[in-house]
Amino acid sequence: MNCIEVGNCVIFPIPLWVSAADKSAFTYLANLGQSVCVTGYVWYIEGSEEKVLVDAGADVEYLCKVRGHEAYQIQTLESGLDKVGVSVSDIRLIIQTHLHADHIVLASRFPKARILVQKDELEFVRNPHCLFEDAYVKEFVRGLKLEVVEGDTQVSREISVLLTPGHTPGSQSVSIKTEQGTAIISGFCAIRENFGSPVGKMSSPVIAPAVHTNLFQAYDSMLRIKKEADIIVPLHDPEFLAKSRIP
Ligand SMILES: [Zn+2]
């Protein structure tokens with residue numbers, strides 16, 4: 001980036017759960033046999049006109065009892081929000097990166113929030129491919145106040161969404177102006193290594209998400225984020241367990 005555009009927003013990572021995973025479940029064909037402690041967050045953005053959250057999150061009850069994952073709760077949604085000074089009824093807008101269940105389960109807990117989602121993602125949850133039937137649960141979007149967008153969209157003066165498909169058909173990343181430049185929360189499940197230096201025989205600047213509906217789109221979306229962001233925020237990286245705010 002030659003010219004850094006600054007703004008007033010601050011992102012507060014709110015970790016809800018952790019789970020051990022093999023890195024290769026995130027980095028396509030790389031890091032097999034290395035483990036990582038992936039983290040499920042919601043992200044509160046302060047400094048915009050209204051109170052904005054990125055992703056509605058999931059609870060361990062759903063992840064363990066329904067999905068059979070081994071996940072451990074860090075805190076409840078309500079206590080996590082409380083630590084940054086807001087409650088579920090304060091949140092007016094939830095930007096939904098994508099509609100995998102682990103990102104949308106808790107949306108019905110926000111009584112006043114509009115849920116911003118890409119058109120392609122909404123169509124997919126209503127009619128998912130059989131390979132993704134487990135990850136997409138129609139019931140989680142039923143009854144929500146959906147705000148459907150198509151493509152890159154300016155959400156407020158300092159926040160915009162970027163259509164970054166590939167992990168899912170309508171993954172959207174969230175671009176936020178901060179005092180240290182543009183922070184982009186990846187719209188797809190990723191860890192830092194996805195954006196880091198290449199490993200093994202993969203001589204590419206990024207490693208595509210292991211889970212994808214279109215590998216080429218996923219790769220191009222990652223390159224776009226790497227080019228446009230001053231600060232990259234990979235959606236599931238554990239580093240934000242130790243960071244209370246970005247920047
Ligand atoms: Zn995820």
Side-chain angles (χ1 to χ4, degrees), residues 11 13-28 31 35-44 53-75 77 80 94-107 115-118 120-122 124-125 128-129 131-138 140-141 161-174 184-195 206-215 217-219 221-222 225 232-241:
I11 305 164
I14 301 175
L16 300 181
W17 52 266
V18 287
S19 178
D22 196 277
K23 277 188 185 171
S24 65
F26 288 82
T27 50
Y28 178 61
N31 300 311
S35 67
V36 62
C37 158
V38 290
T39 308
Y41 302 91
V42 296
W43 313 82
Y44 173 58
L53 200 68
V54 175
D55 280 348
D59 52 5
V60 287
E61 183 147 331
Y62 170 78
L63 294 170
C64 298
K65 288 190 186 153
V66 181
R67 296 295 298 280
H69 296 325
E70 206 168 313
Y72 300 92
Q73 180 176 285
I74 294 172
Q75 59 189 337
L77 173 68
I94 298 175
I95 299 173
Q96 202 58 48
T97 57
H98 61 299
L99 293 174
H100 277 167
D102 62 308
H103 296 263
I104 185 74
V105 176
L106 301 177
I115 314 288
L116 192 133
V117 63
Q118 286 284 333
D120 289 346
E121 191 69 5
L122 189 60
F124 197 71
V125 74
H129 187 281
L131 283 174
F132 289 94
E133 266 172 358
D134 271 6
Y136 280 93
V137 184
K138 279 187 201 103
F140 292 143
V141 293
V161 292
L162 316 173
L163 177 61
T164 47
H167 175 58
T168 67
S171 306
Q172 59 183 349
S173 298
V174 188
I184 299 184
I185 301 175
S186 80
F188 40 82
C189 303
I191 55 176
R192 182 62 68 190
E193 278 88 340
N194 287 99
F195 293 95
V206 296
I207 304 174
V211 175
H212 48 257
T213 54
N214 185 315
L215 181 60
Q217 279 184 339
Y219 180 85
S221 291
M222 298 195 65
I225 291 177
I232 296 174
V233 182
L235 203 53
H236 283 297
D237 199 278
E239 75 182 69
F240 305 105
L241 285 168

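Ligands are counted one by one from 1 in listed order, and the atoms in each one are counted from 1 as well. Just so it is clear, the structure is predicted and the values come from calculations on it, not from any experiment.
- At least one N, O or S atom of H236, from either the backbone or the side chain, sits less than 2.8 Å from the Zn ion (ligand 1).
- Checking H103 against the Zn ion (ligand 1), an N/O/S atom falls under the 2.8 Å cut-off.
- Within 6.0 Å of CD on E61 lie no more than 12 heavy atoms contributed by other residues, nucleotides or ligands.
- Side-chain contact check for T164 and Q172: no donor-acceptor pair (N or O, by modelled atom type) lies under 3.5 Å.
- Side chains of T97 and D55: a donor-acceptor N/O pair is present below 3.5 angstrom, by distance only.
- The ring of H98 has its center no closer than 6.0 angstrom to the ring center of F188.
- Closest approach between the Zn ion (ligand 1) and any N/O/S atom of D102 involves OD2.
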